[in-house]
Amino acid sequence: MYDPTVARLTYRALLGRRRALILGALPLLLIAISVVVRGLAGADDQTAADLLGGLALATMVPIIGVIAGTGAIGPEIDDGSVVYLLSKPVKRPTIIFTKLIVAIAVTMVFSAVPTLIAGFILNGNSQQIAVAYTVAALVASIAYAALFLLLGTVSRHAVVFGLVYALVWEALFGSLVSGARTLSVQQWSLAVAHRVGNGELVTSDVGLPTATVLLVVVTVLATWYAGQKLRSLTLAGEE
């Protein structure tokens with residue numbers, strides 16, 4: 001289910017100079033803001049939770065997921081180079097699964113690692129806040145990568161749709177409409193983080209059992225459907 005050649009090509013596409021600069025911009029901004037906040041406000045648990053929840057988990061993680069998930073396959077479909085990949089004796093589900101693993105790894109590195117660093121800068125991991133939000137970033141990275149990889153497979157406007165979901169649904173509606181939070185990857189990941197953190201600073205509107213089931217279902221279904229769409233794309237090209 002994992003092809004090293006496909007993985008190497010995908011890593012090369014995602015971590016090219018231009019895309020790497022975009023991926024690294026938000027993590028550097030988060031760390032820089034954390035340094036400034038710590039210098040001005042000192043070590044404060046509530047401030048750390050607010051910054052990690054509002055900037056890191058609600059904004060940085062989904063945006064990086066959009067870049068990594070859609071970038072793992074979208075450009076190849078747009079420029080037609082995917083035909084070369086599909087002509088190789090590699091199963092279509094293997095291509096999707098390999099690209100998913102790469103997208104997850106890139107999203108985790110560029111989101112979870114800076115979240116952990118920022119958390120230790122802000123309050124030294126008091127009440128396990130840094131670790132809790134890092135776990136949330138790791139969990140969210142898996143679901144976001146699967147969702148946005150699917151978008152990259154089915155739409156030429158995947159980046160636009162991904163940003164709309166990340167910034168409008170997750171950040172805006174998720175904060176204003178209580179019902180929308182149930183269908184939010186951010187809230188699902190926070191449910192997992194709540195179990196890790198100490199105290200009540202890391203909370204979620206979704207229970208852990210529900211969140212776990214939804215995370216698994218969304219990830220599996222998105223990956224499966226992306227494989228089906230890639231298979232139909234191959235058949236269309238052959239016809």
Side-chain angles (χ1 to χ4, degrees), residues 1 49 52-70 72-73 93 96-97 99-112 115-116 128-129 131-155 158-197 200-230:
M1 291 298 293
L52 294 179
L55 179 57
L57 191 62
T59 304
M60 181 185 71
V61 180
I63 290 179
I64 291 176
V66 169
I67 297 171
T70 61
I73 195 169
I96 289 296
F97 184 76
K99 287 182 174 293
L100 174 63
I101 295 300
V102 173
I104 290 173
V106 170
T107 306
M108 285 182 172
V109 168
F110 282 91
S111 61
T115 297
L116 182 64
Q128 290 288 97
I129 290 176
V131 172
Y133 276 103
T134 299
V135 170
L138 290 170
V139 171
S141 294
I142 300 173
Y144 282 135
L147 282 173
F148 298 137
L149 179 65
L150 172 61
L151 275 179
T153 306
V154 302
S155 174
V159 174
V160 175
F161 291 138
L163 289 175
V164 168
Y165 174 83
L167 300 179
V168 177
W169 180 265
E170 291 271 8
L172 182 59
F173 283 98
S175 62
L176 299 178
V177 183
S178 58
R181 297 170 191 160
T182 306
L183 301 177
S184 167
V185 174
Q186 177 188 343
Q187 291 298 321
W188 303 342
S189 61
L190 281 172
V192 180
H194 176 67
R195 181 61 62 91
V196 177
E200 297 300 324
L201 290 177
V202 183
T203 61
S204 173
D205 293 330
V206 182
L208 181 59
T210 301
T212 302
V213 170
L214 289 173
L215 283 166
V216 172
V217 169
V218 166
T219 301
V220 172
L221 285 181
T223 305
W224 172 81
Y225 192 60
Q228 296 303 305
K229 293 300 293 184
L230 191 63

When rounded to the nearest 0.5 angstrom, what distance separates [atom1] in [X] from [atom2] in [Y]?
X      : Y      : atom1 : atom2 : result
Leu214 : Trp188 : CG    : CH2   : 4.5 Å
Leu150 : Lys229 : CG    : NZ    : 9.0 Å
Met60  : Thr115 : CE    : OG1   : 3.5 Å
Leu138 : Met108 : CG    : CE    : 5.0 Å
Thr212 : Leu215 : OG1   : CG    : 6.5 Å

Any sub-3.5 Å donor-acceptor pair from [X]'s side-chain atoms to [Y]'s backbone N or O?
X      : Y      : value
Thr203 : Glu200 : no
Lys99  : Ala72  : yes
Thr210 : Val206 : no
Thr59  : Gly54  : yes
His194 : Val202 : yes
Gln187 : Asp205 : yes
Trp224 : Thr219 : no

Is there a side-chain contact between [X] and [Y], using heavy atoms and a 4.5 Å cut-off?
X      : Y      : value
Leu190 : Tyr133 : yes
Ile129 : Leu201 : yes
Val192 : Val135 : yes
Leu151 : Leu147 : no
Leu149 : Thr223 : no

What closest approach, in Å, do [X] and [Y] show between heavy atoms, and which atom pair accounts for it?
X      : Y      : value
Ala226 : Thr153 : O-CG2, 3.7 Å
Ala137 : Ala112 : CB-CA, 3.9 Å
Phe148 : Val66  : CD1-N, 3.4 Å
Val61  : Ser111 : CG2-CB, 3.8 Å
Leu163 : Ile63  : CD2-CG1, 4.3 Å
Tyr144 : Pro62  : CZ-CB, 3.8 Å

Is there a side chain to side chain contact (heavy atoms under 4.5 Å, CB included) between Leu100 and Ile142? Walk through the geometry before answering.
CA-CA 8 Å; Leu100 174 63; Ile142 300 173; over 6 Å; no

Applying side chain to side chain contact (heavy atoms under 4.5 Å, CB included) to Val131 and Val196, what does each step give before you reach the verdict?
CA-CA 8 Å; Val131 172; Val196 177; 3.9 Å; yes

